[in-house]
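To find a chain, count down the sequence lines: A is the first, B the second, and so on, and within it residues start at 1.
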Number of protein chains: 2
Amino acid sequence: MKAGPIAAHPAAMISDPSRAAMLTAMMDGRFHPASELAYMAGIKPQTASYHLAKLEEAGMIAMHKQGRHRYYGLKSHDVAAVVETLLLLAPPVEIKSLRQSEENRHLRRARTCYDHVAGDLGIRLRDAMIEAGVIREEADAFAVTGEGGAFFEHMGIDVEAVRKKRRSFCSKCLDWSERTPHLAGSLGSAMLERLLELRWLRRMEGTRALHITDEGSRGLRATFHIEIP
Amino acid sequence: MKAGPIAAHPAAMISDPSRAAMLTAMMDGRFHPASELAYMAGIKPQTASYHLAKLEEAGMIAMHKQGRHRYYGLKSHDVAAVVETLLLLAPPVEIKSLRQSEENRHLRRARTCYDHVAGDLGIRLRDAMIEAGVIREEADAFAVTGEGGAFFEHMGIDVEAVRKKRRSFCSKCLDWSERTPHLAGSLGSAMLERLLELRWLRRMEGTRALHITDEGSRGLRATFHIEIP
DNA sequence: TTCATATTACAATGATCATCGAAATGTGGA
DNA sequence: TCCACATTTCGATGATCATTGTAATATGAA
């Protein structure tokens, strides 16, 4: 009789606040030691271990050992996609502490969304690239224009190589803080990678927030006409 | 300290099997009376009422009264998107009863995915349209080709009108039973609407499964070269 | 008004499951 | 070999929450 509720199980994996916190931490697309995830979720290592075992059994995270550490990370893009979509459904975050509001400000300004840039910076990059005519917004995705090729080459990104990857190329990712789509897919991923490589952005410890370096401020202004206050 | 686990709340709304069953029932994109949803989930009306109130408070479903009935349905596409993505993460369904396997067969053959056709039929329609050169698969979405315009007009669908709707036009929707994308977006929606109008398909009671009528078999064969056994 | 039906409100019950202390296992370094 | 640290296993505790019986409210029909 009950044919449908198969969606309940994966949802239950995310419905626990501690697990959600750990999954969100892994949304930076990297692998983290169990103890770090425990700390980020505010729980004891035993509890974290219990949760991580569950998530692994559910096929949502992957683990690799290295020495006495065990590193955990999201198993697939699908998992990241679900979490991001759930964030979109979540009610606006209420600010409880100064500390939290600080972190929130950072996250809203610039953060990773699995493997690409999101937050205000993500949107401004998108706008700048559209303005410059290097990408174009279509109904279901973005597209690289004719001029785009030269631009990305100048940025140090090989568009044709990126296009060949067996995943979506230039898709839209709906942003929970901005409620408007930014650039995701393999091109979004290549973009983030390059911005980190150029040291325009730096990952902040223990959070998905991204720090814009001084070099980054200059570079973003020169290349994208984005002013960082 | 805990900045992330906001995703937990919407996930918790879906993590209960009864709620998941009701949401899945609403995935046909229509509104259902509370009692029907209770029956589909296999719970008493009181329990259903409790769950529906929760879901409404969470902003996931909408309600309108009509006489002594209250009709509930999904509030936005986002909710449908989350449920569909969760289904993708779910482990393969194990078959427990003959009845269930029957329903499963129907669902796999043809069903609605919120507002468009999914299941085997969805994939075969996609393939047929690509084969016929009326749509083209791109990296992040489908696109209507030059010849496409005439074809859809022949089908009784005004592509330009559909394109103008303020939502994605021709997007991909990853199918949990087929694990390959079918046509969604406003064009997918228009397509389902038209197939129901032509009486090629009929909604089956109390499930998302679609029945292919005899007329439909003939029509699908003539127009799409799809053989229905 | 009276009855039937749809739905919600309330209160009690019971099961599930997250949590953590204690202890075990595993790994690296001295 | 001994110690320190990372992680898991086990067992007990406690809180949350789905469920339903009973009762109330609301709407429509006779």
Side-chain angles (χ1 to χ4, degrees), chain A residues 1-2 4-26 30-58 60-73 205-206, chain B residues 1-2 4-26 30-58 60-73 205-206:
Chain A
M1 184 170 290
K2 298 192 184 187
I6 4 174
H9 186 247
M13 289 301 110
I14 314 178
S15 69
D16 176 78
S18 302
R19 284 196 292 265
M22 291 194 283
L23 286 169
T24 311
M26 294 184 239
R30 300 194 294 181
F31 282 67
H32 303 259
S35 48
E36 184 188 320
L37 293 169
Y39 175 76
M40 288 206 225
I43 51 180
K44 299 281 173 221
Q46 310 95 290
T47 314
S49 174
Y50 158 77
H51 287 306
L52 290 167
K54 271 200 159 175
L55 288 168
E56 197 180 6
E57 168 153 10
M60 301 183 70
I61 60 174
M63 183 262 289
H64 55 249
K65 294 190 196 179
Q66 196 170 318
R68 46 186 167 181
H69 291 276
R70 298 198 179 186
Y71 290 85
Y72 290 92
E205 281 309 307
Chain B
M1 184 169 291
K2 298 193 182 186
I6 3 174
H9 185 248
M13 289 302 110
I14 314 177
S15 71
D16 176 77
S18 303
R19 284 195 294 264
M22 292 194 283
L23 286 170
T24 311
M26 295 184 237
R30 298 194 295 180
F31 281 68
H32 304 259
S35 50
E36 184 188 321
L37 293 169
Y39 175 77
M40 287 206 225
I43 51 180
K44 300 279 173 222
Q46 311 94 293
T47 315
S49 174
Y50 158 77
H51 286 306
L52 291 167
K54 270 201 159 174
L55 287 169
E56 196 179 8
E57 167 151 13
M60 300 182 72
I61 62 174
M63 184 262 288
H64 55 248
K65 293 190 195 179
Q66 195 169 319
R68 46 186 168 181
H69 291 276
R70 299 198 178 186
Y71 291 84
Y72 291 92
E205 281 307 309

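Between A:Leu23 and A:Met13, every side-chain heavy-atom pair lies at or beyond the 4.5 Å cut-off.
As a whole-Å value, the separation of B:His32 NE2 from C:dT7 P is 13 Å. A:Met22 has its CE atom 12 Å from the C1' atom of C:dT19, to the nearest Å. Atom CG of A:Asp16 is separated from atom C1' of C:dC20 by 14 Å (rounded to the nearest Å). Going from atom CD1 of B:Ile43 over to atom P of D:dG21 covers 13 Å, rounded to whole Å. In this structure, the CG atom of B:Leu55 is 16 Å from the P atom of C:dT7, given to the nearest Å. Look at OH on A:Tyr39: it is 16 Å from P on D:dT7, rounded to the nearest Å.
Both A:Tyr50 and B:Ala48 sit near DNA chain C, but only B:Ala48 has its closest nucleotide nearer the 5' end.
For residues 30-42 of chain A, the set of pairs meeting the salt bridge (Lys or Arg N to Asp or Glu O under 4.0 Å) definition, not counting sequence neighbours, comprises A:Asp28-A:Arg30. Contacts classified as side-chain hydrogen bond (donor to acceptor under 3.5 Å, both in side chains) and involving residues 61-70 of chain A (residues at least two apart or in different chains) are not found.
Between B:His51 and D:dT19 there is a side-chain polar atom (N or O) within less than 4.0 angstrom of OP1 or OP2. Within the structure, every side-chain polar atom (N or O) of B:Ser35 is placed at least 4.0 Å from both OP1 and OP2 of C:dT5. Phosphate proximity of D:dT9 to A:Ser49: absent, as no side-chain N or O sits under 4.0 Å from OP1 or OP2. The phosphate of D:dT27 (OP1 or OP2) has no side-chain N or O of B:His69 nearer than 4.0 angstrom.
If you check every strand for non-hydrogen atoms under 4.0 Å, B:Thr47 touches a base. A:Tyr72 comes within 4.0 angstrom of the backbone, heavy atoms only, and of no base.
One distance of note links CG of A:Asp16 with CD1 of A:Ile43; it measures 7.5 Å at 0.5 Å rounding. Here B:His9 contributes atom NE2 and B:Ile14 contributes atom CD1; the two are 11.0 Å apart, rounded to the nearest 0.5 Å.
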Quick one: which protein N/O atoms are closer than 3.5 Å to N/O atoms of nucleotides 21-30 of chain C? Pair and distance per line, please.
residue	atom	partner	partner atom	Å
C:dG21	N7	A:Gln46	NE2	2.6

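Side-chain N or O atoms of A:Thr24 include one that pairs as donor or acceptor with a backbone N or O of A:Ala20 at under 3.5 Å. Between the B:Arg19 side chain and the B:Ala12 main chain, a donor and an acceptor come within less than 3.5 Å of each other.
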